[in-house]
J.: 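Quick one: this structure, given as structure tokens, is what I'll be asking you about.
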Protein chains: 2
Amino acid sequence: MFRRSARALLSLWHTGTMKAANLRARVRAEMTEEIKQVARRHLATDGANLSLRAVARDLGMASSAVYRYFASRDELLTALIIDAYDAVGSTAEQVAAAQADPAERWVAIGHAVRDWALANPHQWALIYGSPVPGYEAPQDTVVPATRVIMLLAGVLRDALAEGRLTSVPEQPAGRFGEEMAAVAAHFGPGVPAHLVGATMYGFVHLCGAISAELFGQLNKSIDEDRRGFFEWQARATAAFAGLA
Amino acid sequence: MFRRSARALLSLWHTGTMKAANLRARVRAEMTEEIKQVARRHLATDGANLSLRAVARDLGMASSAVYRYFASRDELLTALIIDAYDAVGSTAEQVAAAQADPAERWVAIGHAVRDWALANPHQWALIYGSPVPGYEAPQDTVVPATRVIMLLAGVLRDALAEGRLTSVPEQPAGRFGEEMAAVAAHFGPGVPAHLVGATMYGFVHLCGAISAELFGQLNKSIDEDRRGFFEWQARATAAFAGLA
DNA sequence: CTCAGCAGAGAGCAGTGCTCACAAAGGAGA
DNA sequence: TCTCCTTTGTGAGCACTGCTCTCTGCTGAG
């Protein structure tokens with residue numbers, strides 16, 4: 001059977017814009033992307049119980065053929081998870097870049113992440129909800145997973161460098177304080193542990209606030225102005241971190 | 001087939017400690033409880049993908065017999081969810097009752113919830129993780145679901161009444177402030193909106209912190225003293241709410 | 001003592017993830 | 001150009017799932 005993408009790539013081949021050695025690989029990449037796209041659509045409509053067979057049916061292919069591209073359903077989910085992390089990460093990065101003031105940047109990052117989550121609730125559940133049964137996050141996911149928290153840390157680090165941190169949270173003491181100091185050392189020399197603590201605090205609250213909203217914990221209390229409530233909370237975590 | 005519970009109840013019946021009118025109903029209740037118990041065990045070991053057939057197998061009965069007690073898998077899950085809400089709620093209430101100082105009570109509630117979550121991670125995921133696909137929380141769950149947040153609100157209300165709130169968060173403004181005021185009115189006359197705001201802020205953070213820890217978001221940063229980190233956060237939300 | 005209702009069994013349906021043997025088709029080397 | 005060999009797709013099949021249906025005994029109630 002001729003797939004649309006394959007045909008498009010063949011036309012590229014005939015116009016001579018592609019090497020023969022790459023053809024197969026690129027068709028494969030296209031097909032992989034197409035599967036992920038359909039899977040994302042299914043995720044958005046049918047919820048989290050993604051069916052490989054249904055995806056294959058939608059693509060007009062045998063279910064067994066999908067296994068040529070993903071060794072298992074878990075592997076497909078892993079790919080979707082990585083993509084999701086990258087999607088939130090990149091939109092947050094774009095929004096952050098547009099805000100000069102540290103506090104405003106902090107809040108804008110929050111809004112960006114929340115907006116993405118509201119637009120892609122099932123993908124949010126995939127990455128920040130309960131882990132899929134029996135699913136252990138592979139190494140490939142850890143780097144994309146850190147993009148948002150790195151952004152938040154960057155806001156505080158920049159503000160610190162510019163002397164714009166007006167206050168500082170209580171110094172993390174004890175063993176966890178040492179662990180934070182170790183993380184801070186990875187971040188650069190002279191980064192204090194409380195900066196890492198405030199970052200994690202803000203990130204934890206960010207995820208909690210979005211999940212609470214998305215998973216229905218706010219029902220029957222804040223139903224209209226959830227955005228306003230979210231911003232109120234984001235400004236609170238910003239203040240805790242020392243942003244004006 | 002004679003079930004153990006049925007036999008036990010029959011002995012009760014023979015000693016005359018039970019009314020005949022109740023026998024059937026009580027055997028049924030025992031059986032229902034037994035199913036839930038085995039389901040919880042399966043949940044704890046096999047993860048979230050609870051199999052009704054496997055539960056039935058463990059009980060030595062046909063899978064179709066389980067449907068005499070629960071109309072569907074979703075209904076079983078709902079029952080487990082209600083039980084889970086009640087379990088966290090009651091342990092938190094017990095712990096809270098033992099702490100006189102408001103700030104300490106706030107932190108103790110947090111620890112109690114966290115301890116329960118660490119001991120029953122899959123049940124935590126059931127109630128605070130991503131909602132089960134296609135699952136809409138029935139009305140029966142809303143009251144048990146509020147027990148923990150009610151506890152937190154109670155701490156602040158008592159502290160306010162005793163004049164022990166040392167500070168107050170920024171007044172919630174705009175539409176969400178009105179919604180909070182409406183919730184506060186339900187709580188009693190003279191309860192300020194910021195008290196509701198602080199409660200929700202603390203609860204959101206509590207859930208976020210526990211989920212982050214449980215779902216692996218803290219891996220490779222805080223690995224040893226997570227309890228310390230949690231307490232540091234809990235004291236921060238307490239301070240935000242105005243508890244010394 | 002009869003009888004309705006309840007709890008169980010077991011077959012069966014449609015769906016799932018995944019495996020395997022097989023077939024076509026195309027790129028690579030002779 | 002012709003032959004291989006890898007890649008990609010098929011369809012049957014296995015073991016499992018949730019759920020429904022019919023049938024059968026037991027038992028509590030009248």
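Every value quoted in this text rests on a predicted model; they were computed, and no experiment measured them. Every chain is numbered from 1, with letters handed out A, B, ... down the list of sequences.
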J.: Given atom CD of A:Glu30 and atom C1' of D:dT8, what is their separation to the nearest angstrom?
T.: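 Rounded to whole Å, this separation is 16 Å.
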
J.: I'd like to check A:Val95 versus A:Thr91 (side-chain heavy atoms, cut-off strictly below 4.5 Å). Are they in contact?
T.: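 No. Closest side-chain heavy atoms not under 4.5 Å.
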
J.: Could you list all the ring-ring contact (aromatic ring centres under 6.0 Å, His included) pairs where at least one residue sits in residues 50-96 of chain A, not counting sequence neighbours?
T.: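 For residues 50-96 of chain A, and leaving out neighbouring residues, the ring-ring contact (aromatic ring centres under 6.0 Å, His included) pairs sorted by first residue read A:Tyr85-A:Tyr128.
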
J.: Would the distance check show the side chain of B:Glu179 and the main-chain N or O of A:Asp223 forming a donor-acceptor pair, the cut-off being under 3.5 Å?
T.: yes

J.: In whole angstrom, give the distance that lies between atom OH of B:Tyr69 and atom P of D:dC19.
T.: 18 Å

J.: So which protein nitrogen or oxygen atoms get under 3.5 Å of nucleotides 21-25 of chain C's nitrogens or oxygens?
T.:
none

J.: How far apart are the C-alpha atoms of B:Ser130 and A:Trp124, what are their side-chain angles, what is the distance that settles it, and do they pass the side-chain hydrogen bond (donor to acceptor under 3.5 Å, both in side chains) test?
T.: CA-CA 9 Å; B:Ser130 22; A:Trp124 174 267; over 6 Å; no

J.: Would you please classify the geometry between the B:Trp232 ring and the A:Phe176 ring as parallel, tilted or perpendicular, with 30° and 60° separating the classes?
T.: tilted

J.: Take the protein atom CD of B:Glu75 and the nucleotide atom C1' of D:dT20, then report the distance between them rounded to whole Å.
T.: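 Between C1' of D:dT20 and CD of B:Glu75: 16 Å.
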
J.: Atom CE of A:Met31 to atom P of D:dT8: distance rounded to whole Å?
T.: 11 Å

J.: Determine, for nucleotides 10-18 of chain C in 5'-to-3' order, which nucleotides have protein heavy atoms under 4.0 Å from the base (write B), from only the sugar-phosphate (write S), or from neither (write -).
T.: B-B---BBB

J.: Run the salt-bridge test on A:Glu33 and A:Arg40 with the 4.0 Å N-O cut-off and return the result as yes or no.
T.: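 Between A:Arg40 and A:Glu33 there is a salt bridge, with a charged N closer than 4.0 Å to a carboxylate O.
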
J.: Do NZ/NE/NH1/NH2 and the carboxylate oxygens of A:Glu213 and A:Arg227 come within less than 4.0 Å?
T.: no

J.: Can you tell if the side chain of B:Leu151 reaches within under 4.5 Å of the side chain of B:Arg147, non-hydrogen atoms only?
T.: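 Of all side-chain heavy-atom pairs linking B:Arg147 with B:Leu151, none is under 4.5 Å.
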
J.: Between atom CZ in B:Phe70 and atom C1' in C:dA7, what is the gap in whole Å?
T.: 15 Å

